[in-house]
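Below you'll find the structure, written out as structure tokens, and then a few comments.
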Amino acid sequence: MIVVMSVSAAEQDVAQVISAIQARGLSALRMPGDDRVAVGIPSAIPPDLREPLFQQLSGLSGVAHVAHVSRPYKLASREFHKTDTVLEIKGVRFGGRQIQIIAGPCSVESRDQMQAAAESARAAGASVLRGGAFKPRTSPYAFQGLQEKGLKILQSVGQEYGLLTISEVMQPDLVPLVTSYVDILQIGARNMQNFPLLIEAGKSGHPVMLKRGPSATVDEFLLAAEYLLHHNNSQVLLCERGVHPLDRSYARNTLDLNAVPILKEISHLPVIADPSHGIGISRHVPAMALASVAAGADGVMLEMHPNPREALSDGAQSLTPGQLQALMPRLRAVAAAVGRTA
Ligand code: PEP
Ligand code: MN
């Protein structure tokens with residue numbers, strides 16, 4: 001943190017800033033300039049002191065401006081964890097050289113549908129089978145998911161085809177239930193700042209994929225991840241799934257591929273990209289999947305349905321098994337071009 005004094009600040013104002021910092025047990029560094037003085041805090045500021053100290057210093061007389069230098073999250077940041085986190089779940093490694101593919105329908109609809117999806121996902125080389133059982137739907141009249149029955153289907157089909165499973169959990173009290181069926185909990189975009197849910201998912205210690213909210217800044221996203229880490233869950237995947245678009249007439253969301261290298265730079269956590277929700281149009285999903293890999297994503301989540309036209313949710317953005325199959329060699333070629341495998 002740096003405190004910049006105003007040009008007219010008196011020497012006693014500077015002294016007051018320095019003693020306020022020292023009273024918190026921190027060191028203060030006086031930095032005289034040509035026309036004004038700045039006071040730096042070179043020591044690490046405990047996260048819980050960050051805001052109170054900022055408020056306090058901003059209000060002192062003679063202070064023109066207070067600026068943060070370090071990031072507001074500690075556990076999610078590379079400042080405190082320099083090397084990449086490689087998250088290994090039942091032998092599948094996220095964040096290593098290999099790019100992981102998560103594939104499957106938006107929603108679990110039936111055992112037959114999931115078996116067909118799993119067969120195609122496995123044939124394409126995916127390592128994780130997705131399928132929502134508790135669905136966050138904009139309309140209360142839209143398909144809400146098969147709930148526990150859907151989780152049972154996902155679990156048994158995942159086991160049958162040797163695929164890890166992921167499904168969304170929307171409420172804190174259902175964390176134990178969803179955890180008992182799936183390998184990875186998904187926290188959806190709409191729930192990125194559902195803090196009671198983040199706390200419960202954190203305490204569970206179960207792998208979690210956290211999706212970025214459609215209007216969330218990178219700092220808000222990483223602070224949401226910080227909740228999981230702070231509650232002792234180190235098994236966290238970040239997922240960029242698109243932000244609100246400037247122009248909805250062309251695409252459902254804007255897949256923010258800028259966020260991929262930015263997240264990789266400031267955080268050590270693996271980053272998954274979701275081009276299906278990111279663009280929302282199945283014919284353009286392959287291009288955005290390739291771009292995700294080129295941008296440095298550690299994994300790609302693809303909605304794929306055995307028969308997208310009959311899908312109960314997100315059919316318009318779901319690949320057919322054939323489209324997924326056709327994408328894979330191209331995706332592997334891009335992965336190779338950026339020094340990865342897929
Ligand atoms: C989903 O993965 O089907 C989903 C609902 O995603 P999001 O939370 O990103 O909208
Ligand atoms: Mn979906």
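In this text, all values refer to a predicted model and were calculated from it rather than measured experimentally. Every number for a ligand or one of its atoms is a count from 1 in the order of the listing.
With rounding to the nearest 0.5 angstrom, the CG atom of D298 is 6.0 Å from the CD1 atom of I272. To the nearest 0.5 angstrom, Y161 atom OH is 10.5 Å from M114 atom CE. A distance of 15.0 Å separates CZ in R130 from CG in L164, rounded to the nearest 0.5 Å.
Annotation: atom 8 (O) of ligand 1 to nearest protein heavy atom, A189 N, 2.8 Å. With respect to atom 10 (O) of ligand 1, the closest heavy atom belonging to the protein is R241 NH2, 2.8 Å. The protein non-hydrogen atom at the shortest distance from atom 3 (O) of ligand 1 is R130 NH2, 2.8 Å. For atom 6 (O) of ligand 1, the nearest protein heavy atom (residue, atom name, distance) is K211 NZ, 2.9 Å. Scanning the protein heavy atoms around atom 4 (C) of ligand 1, the nearest turns out to be H277 NE2, 3.4 Å.
Defined by atom type and a distance below 3.5 Å, a donor-acceptor pair is present between the side-chain atoms of Q100 and S127. In the model, D183 has no side-chain atom that pairs as donor or acceptor with a side-chain atom of H206 under 3.5 Å. Counting only N and O atoms by type, the side chains of S107 and S313 include a donor and acceptor under 3.5 Å apart.
Every N/O-N/O distance between E168 and ligand 1 stays at or above 3.5 Å.
Taking the Mn ion (ligand 2) as the corner point, the angle from H277 atom NE2 to C106 atom SG is about 170° (rounded to 10 degrees).
Contact annotation: the side chain of V39 never approaches that of L57 to less than 4.5 Å [non-hydrogen atoms, C-beta and beyond].
Restricting E303 to its N, O or S atoms, the one at the least distance from the Mn ion (ligand 2) is OE2. The minimum distance between the Mn ion (ligand 2) and any N, O or S atom of D314 involves atom OD2.
Salt bridge present: D256 and R212 bring a charged side-chain N and a carboxylate O closer than 4.0 Å.
Residue contact check for ligand 1: E303 places a non-hydrogen atom closer than 4.0 Å to it. Contact annotation: G132 has no heavy atom less than 4.0 Å from any atom of ligand 1.
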